[in-house]
Amino acid sequence: MTPGARVSAAIEILDMIAEGTPVERALTNWARGSRFAGSKDRAAVRDHVFDVQRNLASDRVRGGGASGRQLMLGRLRAQDADLDQIFNAAGHAPSPLSDAERTAGHVPEAQSDQWNLPEWVIPEFERSLGDKAEAAALQLQNRAPITLRVNVARAKPSDVAAQLAIEGIETQPNPVCDTALTITEGPRKLRNSQPYLHGMVELQDAASQAIASNVQGASLKILDYCAGGGGKALALAALGHQVTAHDLNVARMSDLPDRAVRAGVQIMVETPDTLSPDAVFDVVLCDAPCSGSGAWRRSPAGKWTLTQDALSGLTNTQDEILDQAQQHVAPGGQLVFATCSVLRCENEDRANAFVARNPAWNCTDQTRISVSDASDGFFHATFSKLV
């Protein structure tokens with residue numbers, strides 16, 4: 001596909017999204033109907049679509065409207081692209097620009113357009129991040145780093161880095177977590193590389209890895225109460241802990257047994273029906289459902305679909321999960337609460353509210369990990385029961 005044809009494909013997909021099709025489904029539908037597109041073409045089209053989703057507000061202003069064509073026009077203007085080389089109708093490229101399109105659009109001026117955030121989110125964003133709010137908003141407009149977790153049960157990070165380099169995958173140590181390597185070259189080669197095929201690495205953000213690495217103690221009995229796909233459960237098991245995974249949505253854990261076999265670790269899986277009310281653990285981890293605001297680079301549609309009512313519902317769910325999970329903490333154990341959110345209402349406010357509701361508990365640590373070139377934004381708090 002030519003660069004212009006890739007832009008045409010992105011325009012088609014963006015129009016599907018505007019009509020209500022979820023982003024991933026729109027991309028899949030296009031790929032199934034475009035068998036001619038190679039892997040590099042699909043990746044390039046995907047990049048166009050996600051770049052627009054990250055910068056939806058400013059691209060709408062620059063392009064003069066919300067259609068797929070106008071959004072791509074806005075994105076390409078932001079990238080200082082040669083528009084006449086792309087909008088030329090050659091080889092399935094989009095048709096040439098009209099006179100009206102050439103003069104439509106302007107530089108974003110409103111704060112919400114410059115920050116590419118819904119206007120209603122900005123006050124909470126500023127309350128949560130203070131003078132770091134603008135920097136975080138701008139970081140969320142860029143592509144996220146591609147980060148690996150080294151399975152330290154099988155290899156050292158330096159050895160894995162050397163093996164990956166032999167296969168053309170360059171990495172560098174990640175400053176957020178010792179088990180993390182950030183890919184700097186050759187990410188598309190990862191899936192067929194020997195370290196990946198032999199369970200030496202998994203894709204996982206460095207901040208997510210840090211949650212597991214910060215658990216203090218050796219060979220602990222740990223319940224991952226909101227395990228989801230099991231990334232943190234696998235990380236904890238690789239560190240030598242005895243891990244049980246649990247999630248209200250059992251289907252989300254369906255791949256976990258196979259992933260555990262591949263990684264060479266053992267993880268017990270419990271459902272809400274099988275987890276005994278009397279079961280207790282040294283550590284209970286609650287990586288709770290949240291807005292995902294710290295990871296909006298990876299799922300940018302989330303920041304445009306989130307509503308105030310939905311955010312309020314999430315904070316209620318977080319409170320309920322903490323109250324339920326604390327019942328499974330053994331005497332002398334710890335309760336760990338984590339989100340991939342940067343919003344105070346989902347983080348510090350929830351930790352403080354838990355202690356206020358449960359005076360027998362004390363919050364011993366609250367840690368924020370900022371959105372950066374190295375990782376997503378994360379928060380975690382640790383609670384211990386007062387004697």
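Below, all heavy atoms of this structure are taken into account, side chains as well, without hydrogens, waters or symmetry copies.
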N-O pairing of Asp178 and Arg149 below 4.0 Å: no

**Arg75/Asp59 salt bridge by N-O under 4.0 Å criterion** = yes

Here the gap from Arg262 atom CZ to Leu234 atom CG, rounded to the nearest 0.5 Å, amounts to 9.0 Å

Side chain to side chain donor-acceptor pair (under 3.5 Å) filter on Arg154, not counting sequence neighbours, yields none

Tightest non-hydrogen contact, residues Asn151 and Gly199, listed as ND2-O, 3.0 Å

dist Gln308:CD -> Glu124:CD (nearest 0.5 Å) comes out at 10.5 Å

For Trp120, the hydrophobic cluster (side chain heavy atoms closer than 4.5 Å, chained through members) also holds Trp115, Leu117, Val121, Ile122, Phe125, Leu129, Leu140, Trp296, Leu306, Leu311, Leu314, Val342, Leu343, Val371

List, one per line, each side-chain donor-acceptor pair under 3.5 Å for residues 8-18, sequence neighbours excluded.
from: Ser8; atom 1: OG; to: Gly4; atom 2: O; distance (Å): 3.4
from: Ser8; atom 1: OG; to: His92; atom 2: O; distance (Å): 2.8
from: Asp15; atom 1: OD1; to: Gly68; atom 2: N; distance (Å): 2.7

Within the structure provided, determine whether Leu203 and Arg191 are in side-chain contact (heavy-atom separation under 4.5 Å). yes

Residues pairing under salt bridge (Lys or Arg N to Asp or Glu O under 4.0 Å) where one sits in residues 265-279, two or more places apart or in two chains, turn out to be none

Residue pairs passing the salt bridge (Lys or Arg N to Asp or Glu O under 4.0 Å) test with at least one member in residues 312-327, sequence neighbours excluded, are Asp319-Arg350, Asp319-Arg357, Asp323-Arg357

Please check: side-chain N/O of Ser299 versus main-chain N/O of Gly302, any donor-acceptor pairing under 3.5 Å?
no

So, Asn347 side chain and Arg344 main chain: donor-acceptor pair closer than 3.5 Å or not?
no

In short, salt bridge (Lys or Arg N to Asp or Glu O under 4.0 Å) pairs touching residues 284-300 with sequence neighbours left out are Asp205-Arg298, Lys232-Asp287, Arg297-Asp376, Arg298-Asp376

Across all chains, not counting sequence neighbours, the salt bridge (charged side-chain N to carboxylate O under 4.0 Å, His left out) partners of Arg259 are Glu202

Which side-chain N or O atoms in residues 100-110 pair as donor and acceptor under 3.5 Å with protein atoms at least two apart or in another chain?
from: Glu101; atom 1: OE1; to: Arg69; atom 2: NH2; distance (Å): 3.0
from: Glu101; atom 1: OE1; to: Ser98; atom 2: N; distance (Å): 3.0
from: Glu101; atom 1: OE2; to: Arg69; atom 2: NE; distance (Å): 2.6
from: Arg102; atom 1: NH1; to: Asp84; atom 2: OD1; distance (Å): 3.2
from: Arg102; atom 1: NH2; to: Asp84; atom 2: OD1; distance (Å): 2.8
from: Thr103; atom 1: OG1; to: Asp99; atom 2: O; distance (Å): 3.4
from: Thr103; atom 1: OG1; to: Ala100; atom 2: O; distance (Å): 3.2

Residue pairs passing the ring-ring contact (aromatic ring centres under 6.0 Å, His included) test with at least one member in residues 24-54, sequence neighbours excluded, are none

Residues pairing under salt bridge (Lys or Arg N to Asp or Glu O under 4.0 Å) where one sits in residues 364-375, two or more places apart or in two chains, turn out to be Glu348-Arg368

- State whether the side chain of Asn174 and the backbone N or O of Val176 hold a donor-acceptor pair below 3.5 Å, judged by distance alone. yes

Please check this pair: side chain of Thr184 against backbone of Glu170, looking for a donor-acceptor N/O pair closer than 3.5 Å. yes

Do Gln70 side-chain atoms and Gly64 backbone N/O form a donor-acceptor pair below 3.5 Å?
yes

Practice item. Determine whether the aromatic ring centres of Phe337 and Phe383 lie less than 6.0 Å apart. Key: no

Sequence neighbours excluded, the answer for salt bridge (charged side-chain N to carboxylate O under 4.0 Å, His left out) partners of Glu24 is Arg46

Check your understanding: Is the backbone N or O of Leu190 less than 3.5 Å from a side-chain atom of Ser193, with the two atoms forming a donor-acceptor pair by type?
Key -> yes

Residue set satisfying side chain to side chain donor-acceptor pair (under 3.5 Å) with Glu346, at least two apart, ordered chain then number -> Ser291, Gln318, Ser341

Check: Ala155 main-chain N/O paired with Asp159 side-chain donor or acceptor under 3.5 Å: no

